[in-house]
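So the structure is just underneath, and the comments pick up after that.
The sequence lines fix the lettering, A, B, ..., with proteins before strands; numbering per chain opens at 1. For clarity, every value in this text was computed on a predicted model and none was experimentally measured. Side chains are part of it too, since the values below use all heavy atoms of this structure and drop only hydrogens, waters and symmetry mates.
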Number of protein chains: 2
Amino acid sequence: MTNSEILSNYLKNHGVKPSIQRLKIYEILRNNVTHPTADEIFNHLVKEIPTLSLATVYNTMHLFEQKELVRIINIENHQARFDWNMKPHGHFQCNVCGTIYDIEIDTNQMNINELDEYQLEESHFYFKGLCKTCLNK
Amino acid sequence: MTNSEILSNYLKNHGVKPSIQRLKIYEILRNNVTHPTADEIFNHLVKEIPTLSLATVYNTMHLFEQKELVRIINIENHQARFDWNMKPHGHFQCNVCGTIYDIEIDTNQMNINELDEYQLEESHFYFKGLCKTCLNK
DNA sequence: CTACAAAATTAGAATAATTTTAATCTATGG
DNA sequence: CCATAGATTAAAATTATTCTAATTTTGTAG
Ligand SMILES: [Mn+2]
Ligand SMILES: [Mn+2]
Ligand SMILES: [Zn+2]
Ligand SMILES: [Zn+2]
């Protein structure tokens, strides 16, 4: 099985019909460590699928979110970023180069008793500052 | 000393010249537990200061942020909210009623070793789900 | 007090991310 | 082949925020 076939099945298993647009969009997410914006995804893909519409990227991301295939990262106030990695983790964004790094977080260890009063559905841990690369300059 | 005078001095001590606009904006933040949007602040105040401009609210919030008088909460992707409470804490937003609750978080206890590699400047802890009020319906 | 400069405020236009609309295209089961 | 639902598209609309340029206010020196 090719990599595309594997991802195609993965979409099916999550209740998403794997159109070429959806498949390619998901491939971009999986093949890039970055947490891309809708626009970045669109610009990568439009070379290959010239009729692609930005609306399709947004439609697809919302569908993916519903089907728990991606999570939306709002670490920047002005634009959303998308993450295929569904296991709980936090994010650090460098204020200089803008790179977003994954941060491992053990949510069990941080027992926040106050949260018992709520029915928790989503957690987001965002950090900002300077990354090592930018510090060494 | 009246409450206004106290807050006025507080602004001065943080390097902010307390114009009537700035003072009233800061008063609104302090007198409301909610974490208001720029628009909400504007609509409260425009009754009292009819010439107030929304741009002034934004200008003031950015100045306040610089002077470490407020923090910006991006728990909603589409619009910023403002918080006068500068001591580290997290936020829970109810998916039904939209209310944002403060969540006490002991950041020391959650030692995230991976963060040692970075120079940390900001932390944001966002949670979403259902609040007690909405659960009991 | 007056004149001037700097700072703050303002209205409205501009920007940019996202959503909506309405039309067109595609896939598929009968 | 045809009908239908679902997916995609282009373009317009929406909305929060920022920008611009003009005006007002404030502080200060003469
Ligand atoms: Mn991630
Ligand atoms: Mn708060
Ligand atoms: Zn960096
Ligand atoms: Zn609620």
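- Partners of A:N77 by side chain to side chain donor-acceptor pair (under 3.5 Å), not counting sequence neighbours: none found.
- Residues forming a ring pair (Phe, Tyr, Trp, His ring centres under 6.0 Å) with A:H14 (at least two apart in sequence, or on another chain): A:Y10.
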Please step through side chain to side chain contact (heavy atoms under 4.5 Å, CB included) for the pair A:H89 and A:D83, ending with a clear verdict. CA-CA 11 Å; A:H89 65 286; A:D83 195 347; 3.0 Å; yes
Please assess B:E117 against A:Y101 for the test side chain to side chain contact (heavy atoms under 4.5 Å, CB included), listing each intermediate value before the final yes or no. CA-CA 11 Å; B:E117 293 181 32; A:Y101 302 88; over 6 Å; no
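- Taking CG of B:L11 as the reference point, atom NZ of B:K17 lies at 13.0 Å (rounded to 0.5 Å).
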The test is side chain to side chain contact (heavy atoms under 4.5 Å, CB included); show your working for A:F125 and A:I103 and say whether it passes. CA-CA 9 Å; A:F125 306 101; A:I103 303 286; over 6 Å; no
Identify all pairs in which a protein N or O lies below 3.5 Å from an N or O of nucleotides 21-23 of chain D, and state each distance.
none

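- Alongside B:I75, the hydrophobic cluster contains A:I73, A:I75, A:I100, A:Y126, B:I73, B:I100, B:Y126 (criterion: ILVMFWY side chains under 4.5 Å).
- Side-chain nitrogen and oxygen atoms of B:Q21 include none within less than 4.0 Å of the OP1 or OP2 phosphate oxygen of D:dT25.
- Take A:N9 and apply the side-chain contact (heavy atoms from CB on, under 4.5 Å) test, not counting sequence neighbours, and it matches A:M1, A:K12.
- If you take CD1 of B:I20 and P of C:dT10, they are 11 Å apart, rounded to a whole angstrom.
- Only A:L54, A:A55, A:Y58, listed by number, bring a heavy atom of residues 37-59 of chain A to less than 4.0 angstrom from any atom of DNA chain C.
- Counting to the nearest Å, the P atom of D:dA7 and the CE atom of A:M61 are 16 Å from each other.
- Checked by atom type, the side-chain pair B:Y26/B:R30 shows a donor-acceptor distance below 3.5 Å.
- For the atom pair B:Q119 CD and A:F127 CZ, the distance stands at 15.5 Å (nearest 0.5 Å).
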List every contact pair, protein side and nucleotides 22-30 of chain C side both N or O, where the distance is under 3.5 Å.
none

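- Annotation: side chain to side chain donor-acceptor pair (under 3.5 Å) contacts involving residues 46-71 of chain A, sequence neighbours excluded, comprise A:K24-A:E48.
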Going through the distances and angles, do B:E121 and A:N95 end up as a side chain to side chain contact (heavy atoms under 4.5 Å, CB included)? CA-CA 9 Å; B:E121 287 172 1; A:N95 284 329; 2.9 Å; yes
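- With sequence neighbours excluded, the residues that form a ring pair (Phe, Tyr, Trp, His ring centres under 6.0 Å) with A:F92 are B:Y118.
- B:L23 has its CG atom 15 Å from the C1' atom of C:dA8, to the nearest Å.
- For the pair B:K24 NZ and C:dT10 P, the computed distance is 14 Å after rounding to whole Å.
- Grouped with A:L130 in one hydrophobic cluster are A:V96, A:L135, the linkage being side-chain heavy-atom contacts under 4.5 Å among Ile, Leu, Val, Met, Phe, Trp and Tyr residues.
- Non-hydrogen atoms lying under 4.0 Å from DNA chain D are contributed by B:H78, B:Q79, B:A80, all within residues 65-85 of chain B.
- Within residues 4-15 of chain B, no residue has a heavy atom under 4.0 Å from DNA chain D.
- Hydrophobic clustering keeps A:I72 apart from A:I105 (ILVMFWY residues linked when any side-chain heavy atoms are closer than 4.5 Å, directly or through intermediates).
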